[in-house]
Number of protein chains: 2
Amino acid sequence: MRLTTKGRYAVTAMLDLALHSDQGPVSLSDISNRQGISLSYLEQLFSKLRKKLLVTSVRGPGGGYRLSRSNEDIFVAQIVDAVNESVDATGCKGRSDCQSGNTCLTHHLWCDLSDQIHDFLSQISLAQLVSRNDVRQVADRQNIESRQGGADSHMISAAIID
Amino acid sequence: MRLTTKGRYAVTAMLDLALHSDQGPVSLSDISNRQGISLSYLEQLFSKLRKKLLVTSVRGPGGGYRLSRSNEDIFVAQIVDAVNESVDATGCKGRSDCQSGNTCLTHHLWCDLSDQIHDFLSQISLAQLVSRNDVRQVADRQNIESRQGGADSHMISAAIID
DNA sequence: GTAATAACCTACTAAATTAGTCGGGTAAAT
DNA sequence: ATTTACCCGACTAATTTAGTAGGTTATTAC
(Lines give C-alpha, C1' and ligand atoms only; values in the text may rest on other atoms or scores of the structure.)
Protein backbone atom coordinates (compact mmCIF):
# COMPACT_ATOMS: atom_id res chain seq x y z
CA MET A 1 0.00 0.00 0.00
CA ARG A 2 1.44 3.27 -0.96
CA LEU A 3 -0.24 6.61 -0.90
CA THR A 4 2.48 9.24 -1.02
CA THR A 5 2.84 12.72 -2.43
CA LYS A 6 2.74 11.24 -5.92
CA GLY A 7 -0.90 10.24 -5.57
CA ARG A 8 -1.73 13.29 -3.46
CA TYR A 9 -0.13 15.66 -5.99
CA ALA A 10 -2.05 14.00 -8.81
CA VAL A 11 -5.40 14.42 -7.08
CA THR A 12 -4.56 18.00 -6.08
CA ALA A 13 -3.55 18.88 -9.65
CA MET A 14 -6.67 17.26 -11.12
CA LEU A 15 -8.82 19.16 -8.64
CA ASP A 16 -7.06 22.39 -9.62
CA LEU A 17 -7.89 21.53 -13.23
CA ALA A 18 -11.52 20.95 -12.30
CA LEU A 19 -11.69 24.26 -10.42
CA HIS A 20 -10.35 26.25 -13.39
CA SER A 21 -11.91 24.28 -16.22
CA ASP A 22 -14.17 27.19 -17.22
CA GLN A 23 -11.13 29.24 -18.26
CA GLY A 24 -10.02 27.03 -21.18
CA PRO A 25 -6.99 24.73 -21.03
CA VAL A 26 -4.97 25.05 -17.83
CA SER A 27 -1.18 25.08 -18.18
CA LEU A 28 1.03 23.06 -15.86
CA SER A 29 2.93 26.19 -14.88
CA ASP A 30 -0.34 27.67 -13.57
CA ILE A 31 -0.95 24.54 -11.52
CA SER A 32 2.67 24.59 -10.39
CA ASN A 33 2.29 28.18 -9.16
CA ARG A 34 -1.03 27.69 -7.43
CA GLN A 35 -0.32 24.32 -5.82
CA GLY A 36 3.40 24.63 -5.19
CA ILE A 37 4.29 21.49 -7.11
CA SER A 38 7.43 21.33 -9.26
CA LEU A 39 6.67 21.79 -12.97
CA SER A 40 8.84 18.91 -14.14
CA TYR A 41 7.25 16.61 -11.63
CA LEU A 42 3.79 17.65 -12.82
CA GLU A 43 4.84 16.82 -16.39
CA GLN A 44 5.65 13.27 -15.33
CA LEU A 45 2.36 12.88 -13.52
CA PHE A 46 0.31 14.30 -16.40
CA SER A 47 2.03 11.99 -18.83
CA LYS A 48 0.51 9.13 -16.86
CA LEU A 49 -2.86 10.84 -16.44
CA ARG A 50 -3.02 11.38 -20.20
CA LYS A 51 -2.15 7.75 -20.96
CA LYS A 52 -4.97 6.69 -18.63
CA LEU A 53 -7.30 9.02 -20.60
CA LEU A 54 -8.15 11.24 -17.63
CA VAL A 55 -6.95 14.44 -19.33
CA THR A 56 -6.43 15.72 -22.87
CA SER A 57 -3.69 18.14 -23.87
CA VAL A 58 -3.56 21.22 -26.08
CA ARG A 59 -0.10 22.18 -27.29
CA GLY A 60 1.30 25.57 -28.09
CA PRO A 61 0.74 29.01 -26.54
CA GLY A 62 -2.51 29.23 -24.62
CA GLY A 63 -2.47 25.45 -24.42
CA GLY A 64 -2.57 23.22 -21.38
CA TYR A 65 -4.67 20.38 -20.09
CA ARG A 66 -8.39 19.74 -19.88
CA LEU A 67 -10.33 17.03 -18.08
CA SER A 68 -11.18 14.39 -20.66
CA ARG A 69 -14.72 14.06 -19.33
CA SER A 70 -17.12 15.62 -16.87
CA ASN A 71 -16.21 16.38 -13.26
CA GLU A 72 -18.79 13.89 -12.15
CA ASP A 73 -17.26 10.99 -14.05
CA ILE A 74 -13.73 11.25 -12.66
CA PHE A 75 -13.12 9.61 -9.30
CA VAL A 76 -10.24 9.94 -6.88
CA ALA A 77 -9.50 6.22 -7.08
CA GLN A 78 -8.94 6.49 -10.83
CA ILE A 79 -6.46 9.31 -10.38
CA VAL A 80 -4.49 7.54 -7.66
CA ASP A 81 -4.49 4.33 -9.70
CA ALA A 82 -3.17 6.22 -12.73
CA VAL A 83 0.00 7.42 -10.99
CA ASN A 84 0.57 4.89 -8.23
CA GLU A 85 0.15 1.45 -9.62
CA SER A 86 -2.67 0.87 -7.15
CA VAL A 87 -3.97 1.35 -3.64
CA ASP A 88 -3.42 -2.34 -2.98
CA ALA A 89 -2.66 -3.09 0.67
CA THR A 90 -1.39 -6.64 0.08
CA GLY A 91 2.29 -7.27 -0.57
CA CYS A 92 1.55 -9.81 -3.31
CA LYS A 93 -0.81 -7.62 -5.37
CA GLY A 94 -3.66 -10.01 -4.74
CA ARG A 95 -1.79 -13.03 -6.11
CA SER A 96 -1.92 -14.88 -2.77
CA ASP A 97 1.76 -15.87 -3.03
CA CYS A 98 2.84 -13.69 -0.14
CA GLN A 99 4.67 -16.39 1.82
CA SER A 100 7.13 -17.97 -0.62
CA GLY A 101 4.42 -19.21 -2.95
CA ASN A 102 1.60 -19.69 -0.48
CA THR A 103 -1.00 -17.43 1.06
CA CYS A 104 0.27 -15.64 4.15
CA LEU A 105 -1.64 -15.58 7.40
CA THR A 106 -2.99 -12.08 6.96
CA HIS A 107 -3.55 -12.03 3.21
CA HIS A 108 -7.33 -11.83 3.39
CA LEU A 109 -7.21 -9.03 5.93
CA TRP A 110 -5.19 -6.85 3.55
CA CYS A 111 -7.53 -7.73 0.71
CA ASP A 112 -10.46 -6.52 2.80
CA LEU A 113 -8.61 -3.32 3.63
CA SER A 114 -7.76 -2.73 -0.03
CA ASP A 115 -11.41 -3.12 -0.96
CA GLN A 116 -12.38 -0.72 1.79
CA ILE A 117 -9.98 1.99 0.63
CA HIS A 118 -10.81 1.48 -3.02
CA ASP A 119 -14.55 1.67 -2.38
CA PHE A 120 -14.12 4.85 -0.39
CA LEU A 121 -12.00 6.62 -3.03
CA SER A 122 -14.19 5.30 -5.86
CA GLN A 123 -17.18 7.09 -4.46
CA ILE A 124 -15.59 10.53 -4.43
CA SER A 125 -15.76 12.43 -7.74
CA LEU A 126 -13.98 15.65 -8.63
CA ALA A 127 -17.43 17.28 -8.84
CA GLN A 128 -18.07 16.39 -5.20
CA LEU A 129 -14.71 17.82 -4.13
CA VAL A 130 -15.29 21.03 -6.08
CA SER A 131 -18.53 21.62 -4.19
CA ARG A 132 -17.05 21.07 -0.74
CA ASN A 133 -16.73 24.11 1.50
CA ASP A 134 -13.22 23.33 2.69
CA VAL A 135 -12.02 22.98 -0.90
CA ARG A 136 -13.66 26.22 -2.04
CA GLN A 137 -12.05 28.12 0.83
CA VAL A 138 -8.56 26.89 0.02
CA ALA A 139 -9.16 27.54 -3.69
CA ASP A 140 -10.22 31.12 -3.00
CA ARG A 141 -7.08 31.74 -0.97
CA GLN A 142 -4.92 30.28 -3.74
CA ASN A 143 -6.55 32.43 -6.41
CA ILE A 144 -5.77 35.59 -4.44
CA GLU A 145 -2.20 34.43 -3.80
CA SER A 146 -1.52 33.56 -7.43
CA ARG A 147 -2.81 36.97 -8.60
CA GLN A 148 -0.37 38.54 -6.13
CA GLY A 149 2.46 36.57 -7.70
CA GLY A 150 3.08 32.95 -6.92
CA ALA A 151 2.08 30.25 -4.48
CA ASP A 152 4.54 31.31 -1.81
CA SER A 153 3.72 35.01 -1.65
CA HIS A 154 2.21 34.58 1.83
CA MET A 155 5.65 33.47 3.00
CA ILE A 156 7.06 36.83 1.92
CA SER A 157 4.30 38.74 3.71
CA ALA A 158 4.93 36.65 6.80
CA ALA A 159 8.61 37.57 6.61
CA ILE A 160 7.73 41.27 6.31
CA ILE A 161 5.44 41.04 9.35
CA ASP A 162 8.32 39.50 11.28
CA MET B 1 0.37 6.83 4.34
CA ARG B 2 2.51 3.82 4.55
CA LEU B 3 1.44 0.27 5.01
CA THR B 4 4.35 -1.93 3.99
CA THR B 5 5.74 -5.28 5.04
CA LYS B 6 6.73 -3.73 8.35
CA GLY B 7 3.11 -3.33 9.42
CA ARG B 8 2.01 -6.51 7.70
CA TYR B 9 4.79 -8.53 9.35
CA ALA B 10 3.86 -7.13 12.73
CA VAL B 11 0.20 -8.10 12.38
CA THR B 12 1.13 -11.52 10.99
CA ALA B 13 3.51 -12.15 13.90
CA MET B 14 0.97 -11.01 16.48
CA LEU B 15 -1.64 -13.26 14.92
CA ASP B 16 0.82 -16.17 15.05
CA LEU B 17 1.29 -15.37 18.73
CA ALA B 18 -2.48 -15.38 19.25
CA LEU B 19 -2.83 -18.71 17.45
CA HIS B 20 -0.18 -20.39 19.63
CA SER B 21 -0.86 -18.62 22.89
CA ASP B 22 -2.13 -21.79 24.56
CA GLN B 23 1.36 -23.34 24.33
CA GLY B 24 3.11 -20.92 26.68
CA PRO B 25 5.50 -18.20 25.48
CA VAL B 26 6.20 -18.30 21.74
CA SER B 27 9.80 -17.74 20.65
CA LEU B 28 10.66 -15.45 17.76
CA SER B 29 12.49 -18.30 16.02
CA ASP B 30 9.22 -20.28 15.98
CA ILE B 31 7.43 -17.32 14.42
CA SER B 32 10.33 -16.84 12.02
CA ASN B 33 10.06 -20.47 10.87
CA ARG B 34 6.30 -20.52 10.55
CA GLN B 35 5.85 -17.13 8.93
CA GLY B 36 9.07 -16.88 6.92
CA ILE B 37 10.13 -13.60 8.50
CA SER B 38 13.78 -12.91 9.32
CA LEU B 39 14.57 -13.42 13.02
CA SER B 40 16.56 -10.20 13.38
CA TYR B 41 13.80 -8.23 11.75
CA LEU B 42 11.24 -9.76 14.11
CA GLU B 43 13.41 -8.71 17.04
CA GLN B 44 13.23 -5.10 15.89
CA LEU B 45 9.48 -5.27 15.47
CA PHE B 46 8.89 -6.90 18.86
CA SER B 47 11.06 -4.31 20.53
CA LYS B 48 8.49 -1.75 19.39
CA LEU B 49 5.51 -3.96 20.22
CA ARG B 50 6.85 -4.45 23.72
CA LYS B 51 7.39 -0.72 24.22
CA LYS B 52 3.77 -0.14 23.18
CA LEU B 53 2.72 -2.74 25.80
CA LEU B 54 1.16 -5.12 23.28
CA VAL B 55 3.39 -8.06 24.28
CA THR B 56 5.39 -9.19 27.30
CA SER B 57 8.62 -11.12 27.11
CA VAL B 58 9.99 -14.12 28.99
CA ARG B 59 13.75 -14.51 28.82
CA GLY B 60 15.83 -17.64 28.96
CA PRO B 61 15.24 -21.17 27.61
CA GLY B 62 11.58 -21.91 26.97
CA GLY B 63 10.99 -18.18 26.89
CA GLY B 64 9.46 -16.05 24.20
CA TYR B 65 6.63 -13.58 23.90
CA ARG B 66 3.06 -13.51 25.15
CA LEU B 67 0.20 -11.18 24.31
CA SER B 68 0.01 -8.65 27.11
CA ARG B 69 -3.78 -8.88 27.21
CA SER B 70 -6.67 -10.84 25.77
CA ASN B 71 -7.08 -11.55 22.06
CA GLU B 72 -10.22 -9.50 22.09
CA ASP B 73 -8.55 -6.36 23.37
CA ILE B 74 -5.80 -6.10 20.76
CA PHE B 75 -6.75 -4.47 17.48
CA VAL B 76 -4.98 -4.41 14.15
CA ALA B 77 -4.78 -0.60 14.17
CA GLN B 78 -2.83 -0.71 17.45
CA ILE B 79 -0.30 -3.14 15.99
CA VAL B 80 0.22 -1.14 12.81
CA ASP B 81 0.51 2.07 14.82
CA ALA B 82 3.14 0.47 17.06
CA VAL B 83 5.57 -0.26 14.22
CA ASN B 84 4.66 2.27 11.53
CA GLU B 85 4.26 5.64 13.08
CA SER B 86 0.67 5.75 11.87
CA VAL B 87 -1.77 4.98 9.10
CA ASP B 88 -2.09 8.67 8.37
CA ALA B 89 -2.87 9.44 4.72
CA THR B 90 -2.04 13.15 4.89
CA GLY B 91 1.46 14.35 4.13
CA CYS B 92 1.42 16.85 6.99
CA LYS B 93 0.36 14.40 9.73
CA GLY B 94 -2.84 16.32 10.27
CA ARG B 95 -1.08 19.63 10.93
CA SER B 96 -2.72 21.34 7.91
CA ASP B 97 0.58 22.86 6.80
CA CYS B 98 0.82 20.78 3.65
CA GLN B 99 1.36 23.68 1.23
CA SER B 100 4.27 25.69 2.59
CA GLY B 101 2.47 26.60 5.81
CA ASN B 102 -1.11 26.54 4.60
CA THR B 103 -3.72 23.86 4.08
CA CYS B 104 -3.41 22.17 0.70
CA LEU B 105 -6.36 21.71 -1.59
CA THR B 106 -6.91 18.05 -0.77
CA HIS B 107 -6.02 18.07 2.93
CA HIS B 108 -9.51 17.28 4.17
CA LEU B 109 -9.92 14.45 1.71
CA TRP B 110 -6.84 12.69 3.09
CA CYS B 111 -8.05 13.29 6.64
CA ASP B 112 -11.32 11.58 5.78
CA LEU B 113 -9.45 8.67 4.23
CA SER B 114 -7.21 8.34 7.28
CA ASP B 115 -10.26 8.18 9.52
CA GLN B 116 -11.81 5.57 7.27
CA ILE B 117 -8.75 3.31 7.38
CA HIS B 118 -8.24 3.78 11.08
CA ASP B 119 -11.86 3.00 11.89
CA PHE B 120 -11.71 -0.14 9.78
CA LEU B 121 -8.52 -1.47 11.38
CA SER B 122 -9.66 -0.43 14.85
CA GLN B 123 -12.66 -2.70 14.62
CA ILE B 124 -10.69 -5.86 13.87
CA SER B 125 -9.33 -7.70 16.92
CA LEU B 126 -6.88 -10.59 16.97
CA ALA B 127 -9.71 -12.71 18.38
CA GLN B 128 -11.80 -12.02 15.29
CA LEU B 129 -8.91 -12.94 13.01
CA VAL B 130 -8.24 -16.17 14.90
CA SER B 131 -11.83 -17.28 14.36
CA ARG B 132 -11.84 -16.59 10.62
CA ASN B 133 -11.93 -19.61 8.32
CA ASP B 134 -9.29 -18.32 5.91
CA VAL B 135 -6.89 -17.70 8.81
CA ARG B 136 -7.47 -21.14 10.36
CA GLN B 137 -6.80 -22.83 7.02
CA VAL B 138 -3.48 -21.06 6.50
CA ALA B 139 -2.54 -21.71 10.15
CA ASP B 140 -3.24 -25.44 9.77
CA ARG B 141 -1.02 -25.61 6.68
CA GLN B 142 1.76 -23.76 8.50
CA ASN B 143 1.59 -26.09 11.50
CA ILE B 144 2.06 -29.12 9.26
CA GLU B 145 4.90 -27.45 7.37
CA SER B 146 6.74 -26.41 10.51
CA ARG B 147 6.52 -29.94 11.93
CA GLN B 148 8.09 -31.15 8.67
CA GLY B 149 10.96 -28.75 9.18
CA GLY B 150 10.67 -25.10 8.37
CA ALA B 151 8.45 -22.68 6.53
CA ASP B 152 9.97 -23.37 3.13
CA SER B 153 9.74 -27.16 3.16
CA HIS B 154 7.08 -27.07 0.46
CA MET B 155 9.65 -25.41 -1.79
CA ILE B 156 11.91 -28.43 -1.34
CA SER B 157 9.09 -30.87 -2.09
CA ALA B 158 8.22 -28.81 -5.15
CA ALA B 159 11.86 -29.05 -6.26
CA ILE B 160 11.83 -32.83 -5.78
CA ILE B 161 8.63 -33.13 -7.82
CA ASP B 162 10.32 -31.19 -10.61
C1' DG C 1 9.24 32.72 -41.16
C1' DT C 2 10.58 33.49 -36.68
C1' DA C 3 9.96 33.72 -31.96
C1' DA C 4 7.51 32.41 -28.01
C1' DT C 5 4.84 29.10 -25.55
C1' DA C 6 3.84 24.88 -23.57
C1' DA C 7 3.34 20.01 -24.15
C1' DC C 8 6.27 15.92 -24.50
C1' DC C 9 10.21 12.79 -23.54
C1' DT C 10 14.41 10.56 -21.59
C1' DA C 11 17.81 10.22 -18.43
C1' DC C 12 19.90 11.32 -14.25
C1' DT C 13 20.22 12.16 -9.03
C1' DA C 14 19.81 13.09 -3.94
C1' DA C 15 17.38 11.79 -0.11
C1' DA C 16 14.58 8.76 2.37
C1' DT C 17 12.76 4.38 3.54
C1' DT C 18 12.61 -0.53 3.70
C1' DA C 19 14.09 -4.78 4.84
C1' DG C 20 17.12 -6.66 6.25
C1' DT C 21 22.30 -8.29 8.41
C1' DC C 22 25.85 -8.46 11.91
C1' DG C 23 27.89 -8.64 16.25
C1' DG C 24 27.65 -8.29 20.30
C1' DG C 25 25.44 -8.11 24.87
C1' DT C 26 21.98 -9.77 29.25
C1' DA C 27 18.58 -12.71 31.94
C1' DA C 28 17.05 -17.17 33.11
C1' DA C 29 16.65 -22.25 33.08
C1' DT C 30 18.86 -26.88 32.92
C1' DA D 1 28.65 -23.49 33.08
C1' DT D 2 26.21 -23.74 29.19
C1' DT D 3 22.46 -23.06 26.42
C1' DT D 4 18.48 -20.54 25.18
C1' DA D 5 16.39 -16.59 23.72
C1' DC D 6 15.50 -11.79 24.53
C1' DC D 7 17.80 -7.23 23.93
C1' DC D 8 20.33 -3.50 21.52
C1' DG D 9 22.84 -0.60 18.29
C1' DA D 10 25.17 0.02 14.13
C1' DC D 11 25.60 -0.95 9.47
C1' DT D 12 24.04 -1.97 4.51
C1' DA D 13 21.83 -3.05 -0.11
C1' DA D 14 17.96 -2.27 -2.68
C1' DT D 15 14.08 0.33 -3.77
C1' DT D 16 11.26 4.31 -4.13
C1' DT D 17 10.33 9.09 -4.00
C1' DA D 18 10.63 13.56 -5.44
C1' DG D 19 12.77 16.40 -8.23
C1' DT D 20 16.37 18.18 -11.89
C1' DA D 21 18.28 18.78 -16.40
C1' DG D 22 18.22 19.09 -21.10
C1' DG D 23 16.36 18.43 -24.84
C1' DT D 24 12.32 17.88 -29.01
C1' DT D 25 7.85 18.82 -31.16
C1' DA D 26 3.50 21.21 -32.04
C1' DT D 27 0.97 25.52 -32.18
C1' DT D 28 0.06 30.35 -32.00
C1' DA D 29 1.08 35.30 -32.47
C1' DC D 30 3.81 38.68 -34.60
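Atoms considered below: every heavy atom in the structure, side chains included; atoms not considered: hydrogens, waters and symmetry mates. Residue numbers start from 1 in every chain, and the chains themselves are labelled A, B, ... in the order their sequence lines are given, proteins ahead of strands.
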* To do: For B/Gln128 and B/Glu72, test the side chains for any donor-to-acceptor distance below 3.5 angstrom and give the result as yes or no.
  => no
* For B/Lys6 and D/dT15, give me the distance from atom NZ to atom P, rounded to whole Å. => 18 Å
* Electrostatic pair B/Asp81-B/Lys48, nearest N-O below 4.0 angstrom -> no
* Can you sort out which residues in residues 56-63 of chain B have a heavy atom within less than 4.0 Å of DNA chain D? Ascending by number, please. => B/Ser57, B/Val58, B/Arg59, B/Gly60, B/Pro61, B/Gly62, B/Gly63
* Do B/Ser38 and B/Ser40 meet the criterion of a side-chain donor-acceptor pair at a distance under 3.5 Å? -> no
* Structure fact -> Atom CG of B/Leu28 and atom C1' of C/dT21 are separated, to the nearest Å, by 16 Å
* Asked: Is any side-chain nitrogen or oxygen of A/Ser27 closer than 4.0 Å to OP1 or OP2 of C/dA6?
  -> no
* Could you identify which residues of residues 37-50 of chain A place a heavy atom less than 4.0 Å from some atom of DNA chain D, listed by residue number, or say none? => A/Ser38, A/Ser40, A/Tyr41, A/Gln44
* May I ask you to check whether A/Thr106 and B/Thr12 show a side-chain donor-acceptor distance below 3.5 Å? => yes
* Which residues share a salt bridge (Lys or Arg N to Asp or Glu O under 4.0 Å) with B/Asp119, sequence neighbours left out -> none
* Asked: Does B/Arg66 reach the main-chain N or O of B/Val26 with its side chain, forming a donor-acceptor pair under 3.5 Å?
  -> no
* To do: Specify the separation, in whole Å, of atom OH of B/Tyr65 and atom C1' of C/dA27.
  => 13 Å
* Euclidean distance, atom CD1 of residue B/Ile31 to atom C1' of D/dA5 [Å, nearest integer] -> 12 Å
* Heavy-atom donor-acceptor pair, A/Ser47 side chain to A/Glu43 backbone, under 3.5 Å -> no
* Asked: Under 3.5 Å, is there a donor-acceptor pair between the B/His20 and B/Asn143 side chains?
  -> yes
